[in-house]
Amino acid sequence: MNGYDAVRRLVNISDELTTLSHELGAAVKPTARELIEKKINALEDEFFRLKHSLEKLQVPVQTAF
């Protein structure tokens, strides 16, 4: 996955987390809440894994003359 795709995935994960947080707030049944929390945890893990891999990425800088 290149840097561009990783950033796009980070944005998608952020959107998914927002949706899931709303679902979690509306969930009444404990089993439904647990399922949503598991999905949130998995997405957060992926988000931070991508974030840390992007932090290590070095992008060459080109100067225009």
Side-chain angles (χ1 to χ4, degrees):
M1 174 180 298
N2 62 31
Y4 176 77
D5 290 336
V7 171
R8 282 186 34 200
R9 181 63 185 140
L10 287 176
V11 172
N12 289 338
I13 290 172
S14 179
D15 292 342
E16 291 177 46
L17 287 171
T18 300
T19 301
L20 287 171
S21 68
H22 292 298
E23 290 178 17
L24 182 61
V28 177
K29 293 182 181 180
T31 53
R33 291 184 63 83
E34 287 177 21
L35 180 62
I36 294 168
E37 287 172 349
K38 286 181 181 180
K39 290 178 183 179
I40 289 172
N41 289 339
L43 285 171
E44 286 177 340
D45 288 345
E46 182 182 358
F47 183 91
F48 287 113
R49 194 173 44 249
L50 281 171
K51 178 183 172 281
H52 293 301
S53 68
L54 284 172
E55 289 174 343
K56 295 175 186 176
L57 184 67
Q58 293 184 359
V59 178
V61 178
Q62 295 181 355
T63 57
F65 290 108

Just jot down the salt bridge (Lys or Arg N to Asp or Glu O under 4.0 Å) partners of Glu34, sequence neighbours excluded, or say none.
none
Going by salt bridge (charged side-chain N to carboxylate O under 4.0 Å, His left out), name the pairs with one or both residues in residues 10-31, residues two or more places apart or in two chains.
Arg9-Glu16
What's the shortest heavy-atom distance between Leu54 and Ala6, and which atoms?
CD2-CB, 3.9 Å
Which distance, rounded to the nearest 0.5 Å, do you find between the CD1 of Ile40 and the CZ of Arg33?
9.0 Å
Please say yes or no: joined through hydrophobic side-chain contacts below 4.5 Å, possibly via intermediate residues, are Leu35 and Leu43 part of one cluster?
no
Hydrophobic cluster identity match, Phe47 and Val11, side-chain contacts under 4.5 Å
no
Atom pair CG/OG1 of Leu24 and Thr19 - distance to nearest 0.5 Å:
12.5 Å
CG/Asn12 to CG/Leu17 distance, rounded to the nearest 0.5 angstrom?
11.0 Å
Distance from Glu55 atom CD to Leu50 atom CG, nearest 0.5 Å?
11.5 Å
Could you grab the distance from atom NZ of Lys38 to atom CG of Asn41, nearest 0.5 Å is fine?
9.5 Å
To the nearest 0.5 Å, what is the distance between OG on Ser14 and CD on Glu44?
11.0 Å
Are Tyr4 and Ile13 connected into the same hydrophobic cluster when the rule is that any two of I, L, V, M, F, W, Y join if their side-chain heavy atoms are below 4.5 Å apart?
no
